[in-house]
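To find a chain, count down the sequence lines: A is the first, B the second, and so on, and within it residues start at 1.
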There are 4 protein chains.
Amino acid sequence: IEDIRRMQAEFTDERDWNQFHQPRNLLLAMVGEVGEVAELFQWRGDAAEGLPGWSETDRENLAHELSDVLIYLVELAEKCHVDLPQAVLRKMALNRRKYPASKVHGSAKKYTEY
Amino acid sequence: IEDIRRMQAEFTDERDWNQFHQPRNLLLAMVGEVGEVAELFQWRGDAAEGLPGWSETDRENLAHELSDVLIYLVELAEKCHVDLPQAVLRKMALNRRKYPASKVHGSAKKYTEY
Amino acid sequence: IEDIRRMQAEFTDERDWNQFHQPRNLLLAMVGEVGEVAELFQWRGDAAEGLPGWSETDRENLAHELSDVLIYLVELAEKCHVDLPQAVLRKMALNRRKYPASKVHGSAKKYTEY
Amino acid sequence: IEDIRRMQAEFTDERDWNQFHQPRNLLLAMVGEVGEVAELFQWRGDAAEGLPGWSETDRENLAHELSDVLIYLVELAEKCHVDLPQAVLRKMALNRRKYPASKVHGSAKKYTEY
């Protein structure tokens, strides 16, 4: 994640694009990329793990769109001064406490329903 | 990213949640989390870098929601058998070629407009 | 649609909320509501027409969230000076030409693939 | 809204597309269209009412994308057996009660904060 952050910062600096990369702009760009991921999945019905039946082109497109989501997410966090690697560790620890394995085994209920 | 992937896989296994974590379910979960990020930004007007004027609670909430987007993104990639760290490096190299710094300096146009 | 537009304008005026309802704010609010719709569908697998198996509460929540999407969409169009009822008629006529029934019968391909 | 519903139903029937138009497919299609709206707004900074400075092409594209969101929203509601015109009236009445004009005048706080 730190590598992506650094490479994207270089990429943006070299192009003088920081003027466009305010938080809300990056958020809308991320929404746009999530929309492109959705378009790849929309008319196919449920997809099983590993996406059997997808062509090489579809897989390649998916890899590109998921990467775009990640790139904008990392840059959005940076421009908001959120330390994403640390934040995600804290959130995963929180999730472990919110959803104790012994209690929620095999159930998709929300933690507020326990 | 590999650490997040591994920790999330453990988290999901311990709770027997893989039955719920098909690709489209994870995609919709990611859309839900992106929506929660949007809600934090919606009534404030443009936010400058570093989010001056945001309270500690707002920042903490933002860190949580951005983390949730990342967690579902990493798991979605895994369940689609997309190697996300490799894909993002390939995509960033592609972006460098699509938007040559010498050509696009200071312009927000799409590459199809060059 | 015109009724929704007028009622939402009254609602916003009475509360002096037009100061918050700029186009990008409304767009992010709509993204937030779409995220809430996604959350209702996320862990269930494919849903058949009519949503068999959904509780009354789930259906009621869905009706509320779809309504919120529509309310923000109508207001977003208004604040952008887009005549939505007219635009949708034009877009549907365009779709009829882009996807001739004789050609696309039973196929989910994009029009660029014909 | 009833006209859009009826015209979209005819459009879908003529093309034998109901097989693709299950609720979750339509939801992802709507997410895709919301993403296209976001892309139109992403690098511009805050847009004022009426979108001063937008070209005729940008406005036309926006009208098309907002229409696409509406078309999929109406069809999604139908396939979920949600009566959207009635639901939106109920939701607007609920919003009036949740946010009394006398109390919330000029404030963007959430109703849970009152």
- Return the set of residues passing salt bridge (Lys or Arg N to Asp or Glu O under 4.0 Å) with A:R15 (not counting sequence neighbours), or none when no residue passes.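 Residues passing salt bridge (Lys or Arg N to Asp or Glu O under 4.0 Å) with A:R15: none at all.
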
- Partners passing salt bridge (Lys or Arg N to Asp or Glu O under 4.0 Å) against B:E49 (at least two apart in sequence or in another chain):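 Counting only residues at least two positions away or on another chain, B:E49 forms no salt bridge (Lys or Arg N to Asp or Glu O under 4.0 Å).
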
Using 0.5 Å steps for rounding, measure from the [atom1] atom of [X] to the [atom2] atom of [Y].
X	Y	atom1	atom2	answer
B:K91	A:I4	NZ	CD1	13.0 Å
B:R96	A:E14	CZ	CD	5.0 Å
A:H105	B:D16	NE2	CG	4.0 Å
B:E60	A:R90	CD	CZ	4.5 Å
B:D68	A:M92	CG	CE	10.0 Å

- With chain A as the partner chain, list the residues of residues 32-40 of chain B whose heavy atoms fall under 4.5 Å from it, by residue number, and write 'none' if nothing qualifies.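 Near chain A, by residue number: B:V34, B:V37, B:A38.
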
- Item | Pairing residues for B:H21 by the ring pair (Phe, Tyr, Trp, His ring centres under 6.0 Å) criterion, not counting sequence neighbours |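 Counting only residues at least two positions away or on another chain, B:H21 forms a ring pair (Phe, Tyr, Trp, His ring centres under 6.0 Å) with C:W43.
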
Under 4.5 Å from a heavy atom of chain A, the part of [X] involved:
X	answer
B:Q42	backbone
B:L73	side chain
B:N95	both

